[in-house]
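Let me begin by presenting the structure, written as C-alpha cells, before commenting on it.
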2 protein chains.
Amino acid sequence: MPRGECRGQGWWHGKFRGCGYRLTLGREAILDILSKSESHLSAEDIYVKIHTRYPSVGLTTVYRTLDVLSSLGMVYKLDFGDGRSRYEFAEGPKGAHHHHHLVCTQCNKIIDYTDFIDDEVELLNQTEKGLGQKYKFKITNHLIQFYGVCEECSGKK
Amino acid sequence: MPRGECRGQGWWHGKFRGCGYRLTLGREAILDILSKSESHLSAEDIYVKIHTRYPSVGLTTVYRTLDVLSSLGMVYKLDFGDGRSRYEFAEGPKGAHHHHHLVCTQCNKIIDYTDFIDDEVELLNQTEKGLGQKYKFKITNHLIQFYGVCEECSGKK
DNA sequence: TTTGATAATGAAAACCATTTTCATTAAGGA
DNA sequence: TCCTTAATGAAAATGGTTTTCATTATCAAA
Ligand SMILES: [Mn+2]
Ligand SMILES: [Mn+2]
Ligand SMILES: [Zn+2]
Ligand SMILES: [Zn+2]
C-alpha cells in the first residue's frame, strides 16, 4: 500500500543492502538527485539541492555518501581543476555510455562528448595492454580530458 | 671572470627578463632544482630541498615562482589526485619529449611513458580537430593518464 | 512489535594545501 | 648611487574536505 513517497523502492536498494549498507533518507535523496541531473555537481551543489527538500541532511553526510557511492562504482568522482570535486552518476548497465570531457579553462563549462570514443577506446585498449605488459602495471582506469576555450569565451575578446 | 656560482648565466635568464620578470635567487634555485630532478615534485618537496641550501627562501615564494614558471610554460603543473599539485620541468626545445603518466592508485608512484605516444598523438590530433569543429572549441591542451596498480603493490596481496 | 547492537548522522572543530595581506627588501634602469 | 616598484617572508586567512563525538535511526533478532 504505497502512500506518497514510499521508501526502499529504488533499483539501488539491493546494491546498498547487498554491501551491508543501511538504506537511509540521505542516501536515497543524494542518489535521486544525481540520477536526475545532467550536469557535474559538486558536493555543495548537491547539498543545496537536497536542503530545500530535506533540511535535515547535512553537508557532511553528502560527502560521506558520495564516498560510499563512488566506492560502489555508482558514481564517478571527477576533477576538472577548479578546486572542488565534481560527481556524475554512473548510469546502470543499460544507459551506460562511456564519455570523455571537454573543459573550458575560462568559464569552466564542461562538455560531455562521445564522438571518436570508439577510436579512442580502441587505442586505449591497445595502449593499456602494452603498458600493462611493459611496466607490469594492472591498469584499471583512464582519464582523458581536452582543455580549451569554448565558443562563448572565444567571443568575448 | 666566473667566481664560484655566478648568477645570471642560465639559459632562462633571457626568458625571465624578456617577460619583465626580475632575476632572483629564489627563482634560480627553484628552476635549478626542477631542471635536475627526475621526479614530480610538490611545492613542499621543492621547499625542503631549497631550504637546505638557501634557508632564506620561503614556501610562499616557491608557490609564487611555480605559478610564474608554469605561466611561462617552463614548468608543467600536474595533478595526480593525491591532494597536492606536482610540478615537472618542461624541458627546452631540445630534450623535449612529450610523455604521459601511469599512476599507481595504491602507492602513488608515477611512471612516465613515451611508448605508444606517436599513435596516441595522432589520434589526439584527429580528435582535437573533430571536437574543435563540432563544439566550436579551441582546444589547447590534453590530459591523458592511466590509473592502476604497480608491480610492487600487486605483490603485497 | 519490541529490543538492542551498531551503522549513520549533524554540528562543530580540525585539517591542510594554497592564497592573501602587508610591511620590508632588493633588482636593475636611470 | 638613486629610486621606482617588483619580489619577498611571516603570519593570517581561505575554503574544500575530513575528523570528532555525542546523538539518532536502521534493521536483524527475539
Ligand atoms: Mn560527464
Ligand atoms: Mn612526467
Ligand atoms: Zn567558456
Ligand atoms: Zn604502487
Side-chain angles (χ1 to χ4, degrees), chain A residues 6-10 12-31 40-48 50-72 75 77-87 108, chain B residues 6-10 12-31 40-48 50-72 75 77-87 108:
Chain A
C6 191
R7 295 273 309 285
Q9 299 298 335
W12 48 69
H13 188 166
K15 188 131 192 171
F16 269 132
R17 304 303 331 289
C19 297
Y21 291 108
R22 292 179 180 175
L23 204 60
T24 68
L25 186 140
R27 285 173 179 171
E28 288 198 288
I30 290 169
L31 212 34
H40 305 85
L41 302 173
S42 68
E44 183 150 21
D45 290 339
I46 294 169
Y47 170 69
V48 168
I50 281 192
H51 202 260
T52 62
R53 186 179 301 241
Y54 305 100
S56 71
V57 177
L59 180 56
T60 312
T61 289
V62 173
Y63 274 107
R64 280 190 283 229
T65 299
L66 289 171
D67 271 354
V68 170
L69 293 177
S70 78
S71 80
L72 288 179
V75 153
K77 183 178 186 177
L78 307 170
D79 176 12
F80 298 125
D82 65 338
R84 69 199 60 197
S85 294
R86 297 189 167 270
Y87 301 84
N108 283 320
Chain B
C6 191
R7 295 273 307 284
Q9 297 300 332
W12 49 70
H13 188 166
K15 188 131 194 172
F16 269 131
R17 304 306 331 290
C19 298
Y21 291 109
R22 293 179 180 177
L23 203 60
T24 68
L25 187 140
R27 285 172 178 172
E28 288 198 289
I30 291 169
L31 212 34
H40 307 84
L41 302 173
S42 68
E44 183 150 22
D45 289 339
I46 295 169
Y47 170 68
V48 168
I50 281 192
H51 202 260
T52 63
R53 186 179 302 240
Y54 305 100
S56 71
V57 177
L59 180 57
T60 311
T61 289
V62 173
Y63 274 108
R64 281 189 283 227
T65 300
L66 289 171
D67 272 354
V68 170
L69 293 177
S70 80
S71 81
L72 289 178
V75 154
K77 183 178 186 177
L78 307 169
D79 176 12
F80 298 126
D82 66 337
R84 69 198 60 200
S85 294
R86 297 189 168 271
Y87 301 85
N108 284 320

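Sequence lines set the chain letters: A, B, ... in the order given, protein chains first and strands last, and positions in each chain run from 1.
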Checklist line | Spacing of B:D79 atom CG relative to C:dT18 atom C1', expressed in whole Å | finding: 13 Å

Check: What integer distance in Å separates B:Y54:OH from D:dT8:P?
Finding: 14 Å

Next item on the list: May I have the distance from B:F16 (atom CZ) to D:dA6 (atom P), rounded to whole angstrom?
Entry: 16 Å

Item checked: Spacing between B:I50 atom CD1 and D:dT8 atom P, to the nearest angstrom -> 11 Å

Next item on the list: Figure out the CD/C1' separation between B:E28 and D:dT8, and round it to whole Å.
Entry: 16 Å

Check: Just how far, in rounded Å, is C1' of D:dA7 from CG of B:L69?
Finding: 14 Å

Checklist line | Partners meeting side chain to side chain contact (heavy atoms under 4.5 Å, CB included) with B:Y47 (sequence neighbours left out) | finding: B:H51, B:L59, B:V62

Margin query: On a heavy-atom basis, which atom in A:R86 and which in A:H40 lie closest, and how many Å separate them?
Written below: NH1-O, 2.8 Å

Margin query: Can you build the contact string for nucleotides 12-17 of chain D? Use B for base contact, S for sugar-phosphate-only contact, and - for no protein heavy atom under 4.0 Å.
Written below: ----SB

Return the polar atom pairs (N/O with N/O) between nucleotides 6-8 of chain C and the protein under 3.5 Å, or none.
from  : atom 1 : to    : atom 2 : distance (Å)
C:dT6 : O2     : A:R22 : NH1    : 3.4
C:dT6 : O2     : A:R22 : NH2    : 3.4
C:dA7 : O4'    : A:R22 : NE     : 3.4
C:dA7 : O4'    : A:R22 : NH1    : 3.3
C:dA7 : O4'    : A:R22 : NH2    : 3.2
C:dA7 : N3     : A:R22 : NH1    : 3.4
C:dA8 : OP1    : A:R22 : N      : 3.2
C:dA8 : OP1    : A:R27 : NH1    : 2.9
C:dA8 : OP1    : A:R27 : NH2    : 3.2

Next item on the list: Could you pull out the closest heavy-atom pair between B:C19 and B:L72, with the gap in Å?
Entry: SG-CD2, 3.6 Å

Next item on the list: List for me each residue that meets side chain to side chain donor-acceptor pair (under 3.5 Å) alongside B:R64, sequence neighbours excluded, and say none if there are none.
Entry: none

Check: Taking C-beta and beyond as the side chain, do A:E28 and A:W12 meet within less than 4.5 Å on heavy atoms?
Finding: yes

Note to self: Please check: side-chain N/O of A:R27 versus main-chain N/O of A:L69, any donor-acceptor pairing under 3.5 Å?
What the structure shows: no

Item checked: Qualifying residues under side chain to side chain donor-acceptor pair (under 3.5 Å), relative to B:S42, sequence neighbours excluded -> B:D45

Item checked: With A:D79 via side chain to side chain contact (heavy atoms under 4.5 Å, CB included) - residues at least two apart -> B:D79

Next item on the list: Send over the distance from B:D45 CG to C:dT18 P, rounded to a whole Å.
Entry: 11 Å

